[in-house]
Every structure is written in C-alpha cells, then in structure tokens.
Asks: 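First the structure, then my questions, so here it is.
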Number of protein chains: 2
Amino acid sequence: MDAKDIYKRHAAFCQLMSNPKRLEIIFLIGKEAMCVEEIAKKMDVRVANVSQHLALMREKNVVSTTREGTKIYYKLTSPKLLEACTLIREIMLDQAKEELAALLDADSCQ
Amino acid sequence: MDAKDIYKRHAAFCQLMSNPKRLEIIFLIGKEAMCVEEIAKKMDVRVANVSQHLALMREKNVVSTTREGTKIYYKLTSPKLLEACTLIREIMLDQAKEELAALLDADSCQ
DNA sequence: AATCTATTTGCATATTTTCGAATATATGAA
DNA sequence: TTCATATATTCGAAAATATGCAAATAGATT
C-alpha cells in the first residue's frame, strides 16, 4: 500500500459527501431505510437523479439495499458514517452562527 | 437562508477535503504552521500546486496565514476541522483494517 | 538590482452533474 | 401465461467544475 493511499481513500469518501444532494440523502436514510421514490419526493428531485447518486454510494459501500416487492429500500451501511456527517454538520452550523453573530456585532457599532 | 443552504455549505467544506493533496496539507499544518515551500517539499509536489490548493482553503476560511519575512506560514483556522478530518481518517483506517482481515480470512479457508 | 518565496494566469485535460429517453425488474390483473 | 403498471437503473450527451502545468507576476529581503 502506497503511503498516500490512505489520503486517496479518505478523499474518495469525502468526495461522496461533497455534494448537497448526497448529503441530504445521507441524513434522510441515516435513521431509517427509505425507497428511492420516497427520497426523491422528500428532496424534490428526479428519481433518476436520486438513483444515480445512490449508485455512487452503493459502489463505495456507503449505502446498502433491501428489496420489498417493487421497492428498493436504502440505508447507510454504518452508523459511524452518520456520526462523521453529523460532526461536520455541527461544525458548519457553529460556523454559520458565528458569522451571524459577527454580522450583528458589526451592525451594533454603527 | 434557503433550507438547503446548510447542505450546500456542508458539501462545499467536504469538497475541500475531497482531494488527497489537500488532505495531506490539512494533516501537515494541523499541528503546526508551515510555509508553502516546506509543505511542497514534504509532499513532493510543485510549490505552485500547493499554493493553488492553499488558496482554495484560504477562500473558504479553512486555513489562515502569517507572514515572516519572505515566508508565509499556513495553519488550520480551527482545531475542530482537524478533529473532523481525524475522525473520518479513523473510519477509513478501520475500514481498511476490516478489508485486510476479510482477505486474510478468505485466504485461510482455501 | 538580485534573490527568495509565493501567487496568479492562461491553458489543456479530466471528472462530475444533470437531463430525457430507453431499459430492466417485480407485481398483480386478465 | 401475457400484459400493464410501478419502481428503479442505465445510457448518451451537454454543461459545469476541478485539476495541474509552465510561465509570468508580485512582494519582501539582502
């Protein structure tokens, strides 16, 4: 294994999380499995598009499926993935909050 | 703020982490500030290229700089960012370990 | 001015994202 | 069984983004 392989692997995983729609999907199916149409409806995005994003995540073992009749339910393969996404989301929320506070501060100095 | 803005922001941050060179930079300057040339040398990558990656991270407030003479030192703006990267890295290492174990297991069954 | 360090520009290439249309797969009705 | 329907995936093409290089430029120091 090349010394830089771990960075490549890490990057490949982050690449999956680097799309707003995929993130929305991750948080949607993080708690309970959901079928493609349901995901598409909640997100207001075309089924084909959701399916394409799910295919990418399936390839990389980030989501797994179970079939029930004509429907295919997707869920995250590991709770750790949700944990990681949640941690980053919190950093983002904190950051947004700080920015807002900075704005308000600047405002009060006028 | 659009309800999906948080996903966009989250995705933009992950996008920064979705490149092996940028990740290597993040871990290099996570502990102590380092100048561009030094980073380039450690990574065995052209200075111009490192500078380009740093510019992206500067724009998004992921790194900050201090000048010392002709040198410009870069460091992460927040320890939380390193924390997040470290968490994901650990997930990646665990995963790699599991894959290796699975391979060895399969081997012993022959 | 000459040098060291870093950034930017202009370009070529590669990758990602999305779409509409076509295709596949399972179910239930006739 | 065969057909129609519901659900999901794949294909081919267009547009948008990302990446990396060499060369040019900028800024600080001696």
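Chain A is the first sequence line, chain B the second, and so forth, proteins listed ahead of strands; every chain is numbered from 1.
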Asks: So which nucleotide from D/dT9, C/dA6, D/dA8 ends up closest to the side chain of A/Tyr74?
Replies: D/dT9
Asks: Could you pull out all residues at least two apart from B/Lys8 that satisfy salt bridge (Lys or Arg N to Asp or Glu O under 4.0 Å)?
Replies: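 Checked B/Lys8 against salt bridge (Lys or Arg N to Asp or Glu O under 4.0 Å); matches are B/Asp5.
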Asks: Taking side chain to side chain contact (heavy atoms under 4.5 Å, CB included) as the test, write out the residues that go with B/Thr77, two or more places apart.
Replies: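 Residues passing side chain to side chain contact (heavy atoms under 4.5 Å, CB included) with B/Thr77: B/Asn61, B/Ser64, B/Leu81.
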Asks: May I have the step-by-step check of side chain to side chain contact (heavy atoms under 4.5 Å, CB included) for A/Tyr74 and A/Met34, ending in yes or no?
Replies: CA-CA 5 Å; A/Tyr74 279 84; A/Met34 214 175 269; over 6 Å; no
Asks: Send over the distance from A/Met43 CE to C/dT17 P, rounded to a whole Å.
Replies: 13 Å
Asks: Who passes side chain to side chain donor-acceptor pair (under 3.5 Å) against A/Glu99, sequence neighbours left out?
Replies: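 Listed in chain order: B/Arg9.
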Asks: What pairs with B/Glu24 under side chain to side chain donor-acceptor pair (under 3.5 Å), at least two apart in sequence or on another chain?
Replies: A/Lys4
Asks: Please report, rounded to the nearest Å, how far the P atom of D/dA18 is from the CG atom of B/Leu54.
Replies: 17 Å
Asks: At less than 4.0 Å, is any side-chain N or O atom of B/Tyr73 found next to OP1 or OP2 of C/dA6? Yes or no.
Replies: no
Asks: Give the residues of residues 7-22 of chain A touching DNA chain C, defined as any heavy atom closer than 4.0 Å, sorted by residue number.
Replies: A/Gln15, A/Asn19, A/Lys21, A/Arg22
Asks: Would you work out how much the helix from C/dA1-D/dT30 to C/dA30-D/dT1 bends between its ends, with each end axis defined by five base pairs, to 10 degrees?
Replies: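 Roughly 10° between the end axes, to the nearest 10°.
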Asks: For residues 86-95 of chain B, which residue pairs qualify under salt bridge (charged side-chain N to carboxylate O under 4.0 Å, His left out), counting only residues two or more places apart or in two chains?
Replies: A/Lys80-B/Asp94
Asks: Between atom CD1 in A/Ile25 and atom P in D/dA8, what is the gap in whole Å?
Replies: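 From A/Ile25 CD1 to D/dA8 P: 13 Å.
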Asks: Nearest-Å distance, NZ (A/Lys41) to C1' (D/dA8)?
Replies: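 Rounded to the whole Å, the gap is 17 Å.
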Asks: For D/dG20, take OP1 and OP2 only and decide whether either is under 4.0 Å from a side-chain N or O of B/His53.
Replies: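 Yes.
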Asks: Which atoms of nucleotides 20-27 of chain C (N or O only) lie under 3.5 Å from a protein N or O atom, and what are those distances?
Replies:
residue : atom : partner : partner atom : Å
C/dG20  : OP2  : A/Arg46 : NE           : 3.2
C/dG20  : OP2  : A/Arg46 : NH1          : 3.3

Asks: Taking side chain to side chain donor-acceptor pair (under 3.5 Å) as the test, write out the residues that go with B/Asn49, two or more places apart.
Replies: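 If we apply the side chain to side chain donor-acceptor pair (under 3.5 Å) test to B/Asn49, skipping adjacent residues, the hits are B/His53.
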Asks: Which residues pass the side chain to side chain donor-acceptor pair (under 3.5 Å) test with A/His10, sequence neighbours left out?
Replies: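 A/His10 satisfies side chain to side chain donor-acceptor pair (under 3.5 Å) with no residue once adjacent residues are dropped.
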Asks: How close or far is atom C1' of C/dT17 from atom CG of A/Leu23, stated in whole angstroms?
Replies: 15 Å
Asks: Can you pull out every salt bridge (charged side-chain N to carboxylate O under 4.0 Å, His left out) where at least one residue sits in residues 39-61 of chain A? Sequence neighbours excluded, please.
Replies: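 Applying salt bridge (charged side-chain N to carboxylate O under 4.0 Å, His left out) to every pair that reaches into residues 39-61 of chain A, excluding sequence neighbours, yields nothing.
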Asks: Which nucleotide sits closest to the side chain of A/Val47: C/dA6, C/dT17, D/dA8?
Replies: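 Minimum distance to the A/Val47 side chain belongs to D/dA8.
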Asks: Take atom CD of A/Glu37 and atom P of D/dT9, then tell me their distance rounded to the nearest Å.
Replies: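 One finds 12 Å between P of D/dT9 and CD of A/Glu37, rounded.
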Asks: On DNA chain D, does the nearest nucleotide to A/Asn49 precede the nearest nucleotide to A/Lys71 from the 5' side, or the other way round? Give the residue.
Replies: A/Lys71
Asks: What pairs with B/Glu38 under salt bridge (Lys or Arg N to Asp or Glu O under 4.0 Å), at least two apart in sequence or on another chain?
Replies: none
